[in-house]
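Structure first, then comments.
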Amino acid sequence: MKKVTVNNLEETVNLAKEFAKMLVGGEVVLLGGDLGAGKTTFTKAVLRALGVKDDVTSPTFTIMREYKGAQLQVYHFDMYRLSSGVEAQEFGMEDYIYSGEKNAVVFIEWADNIKDILKGEFLFVDIEIVDDNKREFSIERRSV
């Protein structure tokens, strides 16, 4: 596990750039942390580093947004409004998670809300609020 403390937005963006270099396609990234921890901010910065030119916005109300990066397709989900994986299955979430699409990366915010359908190896990014600007990131690859 890698733990990194960032003190401001600039350091978060730098961490996101490092993280983006790890992504080759086929990864599913599960993001956790309290409301306001910076899940969407971090995801936006990673997508920028992957070459996404579109305006990246939170998919809280649309559930999913799709973006084209320089080399990878990106699917960005927000499960905040869902209470179980069954709800996610209704719109075909598993097709994205388990497709094995090698030219795509999937980001899932509030992944704990659908943990009942998650099986396999994932990249976990947990963000803890230390104070108004400071965050502690825990990044690891593990199976569930």
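Since the model is a prediction, treat every value here as computed from it, not as a measurement.
Under the 4.5 Å side-chain criterion, counting only non-hydrogen atoms from C-beta, Ile108 is not in contact with Tyr96. Within the 4.5 Å cutoff, the side chain of Arg48 has heavy atoms near those of the Val56 side chain.
With values rounded to the nearest 0.5 angstrom, Leu31 atom CG is found 11.0 Å from Asp112 atom CG. Arg65 CZ to Ile63 CD1: the interatomic distance, rounded to the nearest 0.5 Å, is 11.0 Å. From Thr41, atom OG1 reaches atom CZ of Arg135 across 8.5 Å, with rounding to the nearest 0.5 Å.
Taking all atoms of both residues into account, the shortest heavy-atom contact from Ala49 to Ala16 is CB-O, 4.5 Å. Of all non-hydrogen atoms in Asp34 and Trp110, the two that sit nearest each other are C-CH2, 4.1 Å.
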Leu50/Leu23 under side-chain contact (heavy atoms from CB on, under 4.5 Å): CA gap, chis, key distance, verdict: CA-CA 9 Å; Leu50 291 173; Leu23 304 175; 4.1 Å; yes

Derivation and outcome, ring pair (Phe, Tyr, Trp, His ring centres under 6.0 Å), residues Tyr75 and Phe107: CA-CA 6 Å; Tyr75 303 104; Phe107 287 82; over 10 Å; no

Residue pair Leu123, Val28: steps toward the side-chain contact (heavy atoms from CB on, under 4.5 Å) verdict: CA-CA 6 Å; Leu123 277 170; Val28 177; over 6 Å; no

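Using modelled atom types and a 3.5 Å distance limit, the side chains of Ser138 and Glu128 yield no donor-acceptor pair.
Relative to the ring axis of Phe124, Arg141 does not place its NZ or CZ within 45° and under 6.0 Å from the centre.
Residues passing the salt bridge (Lys or Arg N to Asp or Glu O under 4.0 Å) test with Arg81, sequence neighbours excluded: none.
Side-chain N or O atoms of Asp131 include one that pairs as donor or acceptor with a backbone N or O of Lys134 at under 3.5 Å. When atom types are taken as modelled, the side chain of Asn113 and the backbone of Ser84 share no donor-acceptor pair closer than 3.5 angstrom. Between the side chain of Asp116 and the main chain of Gly85, a donor-acceptor pair closer than 3.5 Å is present. Although no hydrogens or angles enter the test, the distance criterion places no donor-acceptor pair under 3.5 Å between the side chain of Lys53 and the main chain of Lys68.
Glu87 pairs in a side chain to side chain contact (heavy atoms under 4.5 Å, CB included) with only one of the listed residues (Leu82, Ile114, Ile117), which is Leu82.
Pairs engaging residues 7-30 under the side chain to side chain donor-acceptor pair (under 3.5 Å) rule: Lys2-Glu18, Asn7-Glu11 [sequence neighbours left out].
The residues Lys3 and Glu136 are annotated as salt-bridged, a charged nitrogen and a carboxylate oxygen being separated by less than 4.0 angstrom.
Taking the six-membered ring where the residue is Trp, Phe137 and Phe42 present tilted rings, their angle falling between 30° and 60°. Using bins of under 30°, 30° to 60° and over 60° for the plane-to-plane angle, the ring pair Tyr67/His76 lands in the tilted bin.
For CD of Gln89, the number of neighbouring non-hydrogen atoms (other residues, nucleotides, ligands) closer than 6.0 Å is greater than 12.
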